[in-house]
Amino acid sequence: MPIEITLPHNWRPRSYQQRLWNFLELGGKRGLAVCHRRWGKDDLALHWTAVAAHQRVASYWHMLPEYEQARKAIWTAVNPHTGLRRIDEAFPPEIRASTNEQGMFIRFRNGSTWQVVGSDNYNSLVGAPPAGLVVSEWALADPTAWAYLSPILAENDGWALFLYTSRGKNHGYNLYRSAIQRPEWHVERQTVEDTGVFSRASLEEAKADLIALYGDDDGEAVFDQEYFCSFDAAVIGSYYGRLIAQLDKDKRITSVPHDPSLPVYTGWDLGIDDSTAVWFVQLAGREVRVIDYLEARNRALTDIARDVMAKRYAYVEHYLPHDVDTREMTSAKTRKQTLEELKLAPIRAGSRLPVQDGINAVRNMLPKCVFDEQKCAKGLDALRQYRTEWDTKAKTPRKNPLHDWSSHGADAFRELAVQLFDVKERLNERQFLSSGAYDPFAIDQPDYRREIEREEMRRQETSGLEWTPY
């Protein structure tokens, strides 16, 4: 005998969720909610997807920052009030044709499909593109995912729902600022004062717990982020967040036009199966002008090199990681040789300096930087978000950085900082600089460039010295 199932199944929106739910029910295509902890973000998203999948036969995705994280956060997550998996509450077995536990994929009886994906693997998926997309924890996700998927959803007349807690002034903040100005978007920002979910006593207890875990400053910052949706709080564990916030405060994130009279240095991170990142800087006195940033995913290194050369800057050196000397699988050439054949030269391969020393080099260099706000926007997001994992048992940061989408831009900038320090050291050692008649950054003086190409001095193996470029 057929069983009648009503969707949403045994669930109804809470009062403070009702406006967003109504927007979706009335056919809204773009929704964004910056909400506090335990707002019920994923519950609303799962139940809405169940409804949408039975209104229109199509594919639907639930995206988290990382694919492996998604299994714990969504697929196996249990509602503590009912003891049931959240996906079983939203998608009862009676409406399913099949369930693939390994692939985190559900096919419904009406032909629609739903699956859990990560922003770190979105473009490796095969099959029908989504007509509905939930982006959970957008502030921690790879922003390239939306750049890739938004035209697909527009073509499919699909909807997208962004649900997250603030994580500093990164791409989550930027999308919030942009969406709030666009009438086709429904935007919410709800703190605990808006919803009344927590009592004053429970908030004070939560704050005390966070301070005990992270310390006074960081604990209060986490509390402001998680419960009051503050974009101003620094990302916990961020290596450079406070330094970049100070640059922003000092108006050193602004318009920085390319100066044709100065040469350009580049710093690279090479991605084979993921993103390659490139920073572009000019040195003017003691100032490091960061004029541009490029990031490309799953593209041939030669194509990226052509993009760099197409910018037509007057390059003086390109700084690449040590694995640029690795031979390609398909040829006897190293990556360095391949790039040099494209006239990307001179290339200096990096040292195997410990990561923490390179991080310190970046910290020394950042106060001397000025960034172009528009051209470097994604790179700045990566630097803000680059962080260590937190060891909740030891109550201390872990030793190594978290590897996620932000690593590419951060690693490229670290390469730049380490090698620019070496530039300063080499220039100081040139005897002909003592007369003051020679301009080391004048691109029309070939002597300097020949000296740079000829000298492959040993890298500075310490980061304890103050970084002071010319």
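FYI, side chains are in, hydrogens and waters are out, and symmetry mates aren't considered; it's all heavy atoms of this structure.
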Would you please classify the geometry between the [Y] ring and the [X] ring as parallel, tilted or perpendicular, with 30° and 60° separating the classes?
| X | Y | value |
| --- | --- | --- |
| F413 | W279 | perpendicular |
| Y315 | H318 | tilted |
| H36 | Y16 | tilted |
| W11 | W21 | tilted |

Compute whether any side-chain donor of one residue and acceptor of the other, for [X] and [Y], lie under 3.5 angstrom apart.
| X | Y | answer |
| --- | --- | --- |
| D250 | Q246 | yes |
| R182 | S178 | yes |
| Y386 | D404 | no |
| E415 | W268 | no |
| Y67 | Q69 | no |

So, [X] and [Y], do they make that salt bridge, N to O below 4.0 Å?
| X | Y | answer |
| --- | --- | --- |
| E295 | K378 | yes |
| R30 | E184 | no |
| K169 | D248 | no |

Ignoring hydrogens and angles, tell me if any N or O in the side chain of [X] forms a donor-acceptor pair with the backbone of [Y] under 3.5 Å.
| X | Y | answer |
| --- | --- | --- |
| R387 | Q385 | yes |
| S59 | P130 | no |
| S112 | R56 | yes |
| T113 | I106 | no |

If you take all heavy atoms of [X] and [Y], which pair is closest and at what distance?
| X | Y | result |
| --- | --- | --- |
| V134 | A45 | CG1-CB, 3.5 Å |
| A70 | V116 | CB-CG1, 3.1 Å |
| A160 | L153 | CB-CD1, 3.9 Å |
| A277 | A412 | O-CB, 3.7 Å |
| H258 | Q282 | CD2-NE2, 3.3 Å |
| Y293 | C376 | CB-CA, 4.0 Å |

Just one of [options] clears the side chain to side chain contact (heavy atoms under 4.5 Å, CB included) bar with [X], so which one?
| X | options | value |
| --- | --- | --- |
| R299 | L301, T302, D303 | D303 |
| I359 | V362, V355, D357 | V355 |
| R86 | V78, T76, N79 | N79 |

Residues that I5 engages under side-chain contact (heavy atoms from CB on, under 4.5 Å), provided they are two or more places apart
I3, L7, H9, P92, E94, I95
Counterpart residues, side-chain contact (heavy atoms from CB on, under 4.5 Å), relative to V135 (two or more places apart):
L133, W138, F162
Answer with yes or no after comparing the ring centroid distance for [X] and [Y] against a 6.0 Å cut-off, counting only values under it.
| X | Y | result |
| --- | --- | --- |
| W185 | W159 | no |
| F228 | F223 | yes |
| W405 | H171 | yes |
| W114 | F91 | yes |

Given Q18 and N22, is the side chain to side chain donor-acceptor pair (under 3.5 Å) satisfied, shown in steps?
CA-CA 6 Å; Q18 194 67 56; N22 291 345; 2.9 Å; yes
Carefully, step by step, assess R289 and D372 under the rule salt bridge (charged side-chain N to carboxylate O under 4.0 Å, His left out).
CA-CA 8 Å; R289 297 177 181 174; D372 188 275; over 6 Å; no
Inter- and intrachain pairs under side chain to side chain donor-acceptor pair (under 3.5 Å), touching residues 196-208, at least two apart
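For residues 196-208, and leaving out neighbouring residues, the side chain to side chain donor-acceptor pair (under 3.5 Å) pairs sorted by first residue read S199-S202.
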Please list, chain by chain and in numerical order, all residues satisfying side chain to side chain donor-acceptor pair (under 3.5 Å) with [X], sequence neighbours excluded.
| X | result |
| --- | --- |
| E66 | none |
| E193 | none |
| R384 | D381 |

Does the side chain of F231 come within less than 4.5 Å of R189's, by heavy atoms?
yes
Evaluate side chain to side chain donor-acceptor pair (under 3.5 Å) for T82 paired with E89, printing each intermediate quantity in order.
CA-CA 9 Å; T82 64; E89 292 180 324; 2.5 Å; yes
Verdict with reasoning, E101 to R85, per salt bridge (charged side-chain N to carboxylate O under 4.0 Å, His left out):
CA-CA 13 Å; E101 292 283 344; R85 287 202 306 182; 3.1 Å; yes
